[in-house]
Each structure stands twice: as structure tokens, then as C-alpha cells.
Amino acid sequence: NVIFIGETGAGKSSVINLILGVDNRAATSRDGAPCTTGFRPYDVALWGTTYRLWDTPGLHESSRFTFSVPPSERALKKFLREKYFAGEIDLVVYCSRAGRALSSMTSAYKTFGKPIRQFAAPLVIAVTHLEGMQPAMDTWWVMNGRKLENLGLEFDGHACVT
């Protein structure tokens with residue numbers, strides 16, 4: 001069970017489609033509008049093993065003036081708790097769109113990433129929307145990986161994708 005989490009428009013569904021090898025099996029949007037409204041599993045066989053990829057609704061960047069937990073965050077916490085107690089979390093992929101504010105990444109990491117890494121499963125980051133990165137997409141990680149570590153955002157691996 002591989003669970004994809006991240007803000008609305010971060011590219012969770014697109015990364016799942018990339019792994020599945022098909023376009024638009026998981027609904028996507030060109031403008032980053034919300035497409036995934038529930039927790040949707042997609043099974044894929046790779047190298048003789050079947051993996052279940054979970055697409056999740058996007059987290060909305062919370063306002064610093066909001067004192068309540070957004071519904072998308074509550075629903076994701078409930079989903080992750082259920083999967084954790086059922087022993088059904090093997091990997092979590094945190095998707096983040098290149099160019100998004102590090103402050104929203106830090107907030108999501110503190111809420112989801114850190115507890116996931118400590119108690120449930122490895123956590124990796126997939127940085128998306130890097131088609132224009134030169135000389136290669138992984139340049140983003142070379143330029144920003146240390147910044148994330150300095151903010152306390154630690155990952156067990158990374159992927160830089162279009």
C-alpha cells in the first residue's frame with residue numbers, strides 16, 4: 001500500500017498515472033483544480049508484485065487566520081489512522097509542486113510527514129512540475145534538498161518528475 005498525499009494541485013494523480021503507465025486513469029486537471037474527492041485505490045503490477053496506490057484528496061493551504069482543522073486534513077488523518085491500525089501503510093509519497101511555498105510544506109510535514117516517518121512507514125517526496133528544470137529535473141533536489149533538511153523536513157528518498 002503506497003499512499004500519495006499533498007496539497008491540491010501538487011500532482012498526486014499525475015504521478016499515479018505515470019506509475020500506472022496510462023493517462024487519465026486517475027482524474028487530473030491542467031489548472032490544479034481539485035479532482036480527487038475521495039480515497040481511491042489503483043492496483044498496478046510491477047516486477048511481479050502488485051502494489052495498491054492510494055490517491056487522496058488534496059490538502060488545502062491553510063490560512064494563518066483559520067483556527068479550525070480543514071475537512072480535507074481531518075479526512076486524511078482518519079484515513080491514515082485506519083490504514084495504520086490495519087497494518088496497511090508500506091510507503092507514503094508526499095507530492096509537492098515545485099515553486100510552492102516552503103511554509104506550507106513545513107506545515108504539512110509537521111502534521112503528517114513526521115508522525116508517518118516515526119511510526120508508520122518510510123516517507124519519500126515527489127517534486128512535480130519540473131519539466132522546465134535545466135540541466136535535469138534532479139537539479140531541483142540539488143538546489144533545495146539541503147534547505148528542506150534545514151527546516152526539519154526529512155525524507156527517506158526523493159523523485160523529481162514532470
Side-chain angles (χ1 to χ4, degrees), residues 1-21 23-24 26-36 39-40 42 44 46 51 53-66 69-70 72-77 79-80 83-84 89-162:
N1 285 290
V2 181
I3 301 172
F4 291 76
I5 65 172
E7 290 181 32
T8 299
K12 299 175 297 296
S13 301
S14 295
V15 173
I16 288 172
N17 284 335
L18 182 66
I19 294 167
L20 295 173
D23 288 336
N24 298 322
T28 60
S29 163
R30 290 196 178 274
D31 62 2
C35 292
T36 307
F39 299 93
R40 302 191 194 288
Y42 298 92
V44 62
L46 299 169
Y51 298 90
L53 311 179
W54 286 94
D55 199 359
T56 64
L59 299 170
H60 302 288
E61 188 172 343
S62 58
S63 165
R64 58 190 171 112
F65 301 109
T66 303
V69 177
S72 59
E73 190 174 307
R74 279 195 309 273
L76 182 57
K77 283 180 181 180
F79 174 78
L80 290 170
K83 291 295 173 197
Y84 171 74
I89 301 178
D90 298 301
L91 176 68
V92 175
V93 179
Y94 177 73
C95 294
S96 180
R97 185 179 183 124
R100 290 255 170 109
L102 291 179
S103 59
S104 60
M105 282 182 69
T106 303
S107 174
Y109 185 87
K110 286 178 183 175
T111 302
F112 295 102
K114 191 171 184 175
I116 286 168
R117 265 189 103 228
Q118 286 180 328
F119 303 111
L123 174 71
V124 298
I125 185 170
V127 183
T128 63
H129 296 83
L130 288 170
E131 49 276 346
M133 182 60 68
Q134 295 297 325
M137 285 186 261
D138 207 46
T139 302
W140 188 95
W141 187 258
V142 172
M143 294 171 32
N144 293 285
R146 182 75 60 209
K147 291 177 190 174
L148 297 179
E149 285 180 21
N150 290 340
L151 290 169
L153 285 69
E154 297 179 2
F155 298 95
D156 297 297
H158 73 274
C160 295
V161 298
T162 177

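This structure is a prediction, so every number in the text was calculated from the model and none was measured. Computed from heavy atoms alone, side chains included, the values below leave out hydrogens, waters and symmetry copies. Index from 1, following the sequence.
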Check: Under the ring-ring contact (aromatic ring centres under 6.0 Å, His included) rule, what pairs show up with a residue in residues 119-141, not counting sequence neighbours?
Finding: Trp141-His158
Notebook entry, point to check: Taking it one step at a time, do Tyr51 and Leu91 satisfy side chain to side chain contact (heavy atoms under 4.5 Å, CB included)?
Noted result: CA-CA 11 Å; Tyr51 298 90; Leu91 176 68; over 6 Å; no
Notebook entry, point to check: Closest approach of Leu59 and Ala108, non-hydrogen atoms and distance?
Noted result: CD1-CB, 4.4 Å
Next item on the list: Looking only at non-hydrogen atoms, find the nearest pair between Ala10 and Cys95 and report the distance.
Entry: CB-O, 3.4 Å
Notebook entry, point to check: Taking C-beta and beyond as the side chain, do Val124 and Val93 meet within less than 4.5 Å on heavy atoms?
Noted result: yes
Notebook entry, point to check: About how many Å separate OG of Ser14 and CG of Asp55, when rounded to the nearest 0.5 Å?
Noted result: 9.0 Å
Notebook entry, point to check: Under 3.5 Å, side chain of Asp90 to main-chain N/O of Asn1, donor-acceptor pair present?
Noted result: yes
Item checked: Ser72 versus Gly58, closest heavy-atom pair with distance -> CB-O, 3.5 Å
Margin query: Classify the ring geometry of Phe155 against Tyr109: parallel below 30°, tilted from 30° to 60°, perpendicular beyond 60°.
Written below: perpendicular
Notebook entry, point to check: Are any side-chain N or O atoms of Lys12 and backbone N or O atoms of Glu7, one a donor and one an acceptor, separated by less than 3.5 Å?
Noted result: yes
Checklist line | Distance, nearest 0.5 Å, that separates CG of Leu18 from OG1 of Thr162 | finding: 8.5 Å
Item checked: Beyond-backbone contact of Leu76 with Phe39, side-chain heavy atoms, under 4.5 angstrom -> yes
Check: Out of curiosity, Ile125 CD1 to Met105 CE, how far, rounded to the nearest 0.5 Å?
Finding: 3.5 Å
Notebook entry, point to check: How many angstroms lie between atom CD1 of Ile16 and atom OG1 of Thr56, to the nearest 0.5 angstrom?
Noted result: 7.5 Å
Margin query: Could you work out, with side-chain hydrogen bond (donor to acceptor under 3.5 Å, both in side chains) as the rule, every residue matching Gln134, not counting sequence neighbours?
Written below: none
Next item on the list: Determine the minimum heavy-atom distance between Leu80 and Ile89, stating which atoms define it.
Entry: O-CD1, 3.6 Å
Check: Does any non-hydrogen side-chain atom of Ile116 lie less than 4.5 Å from one of Ile5?
Finding: yes
Item checked: Euclidean distance, Met133 CE relative to Met143 CE, rounded to 0.5 Å -> 5.0 Å
Check: Once you round to the nearest 0.5 Å, how far does CZ of Phe4 lie from OH of Tyr94?
Finding: 14.5 Å
Note to self: Could you work out, with side-chain hydrogen bond (donor to acceptor under 3.5 Å, both in side chains) as the rule, every residue matching Asp156, not counting sequence neighbours?
What the structure shows: Arg117
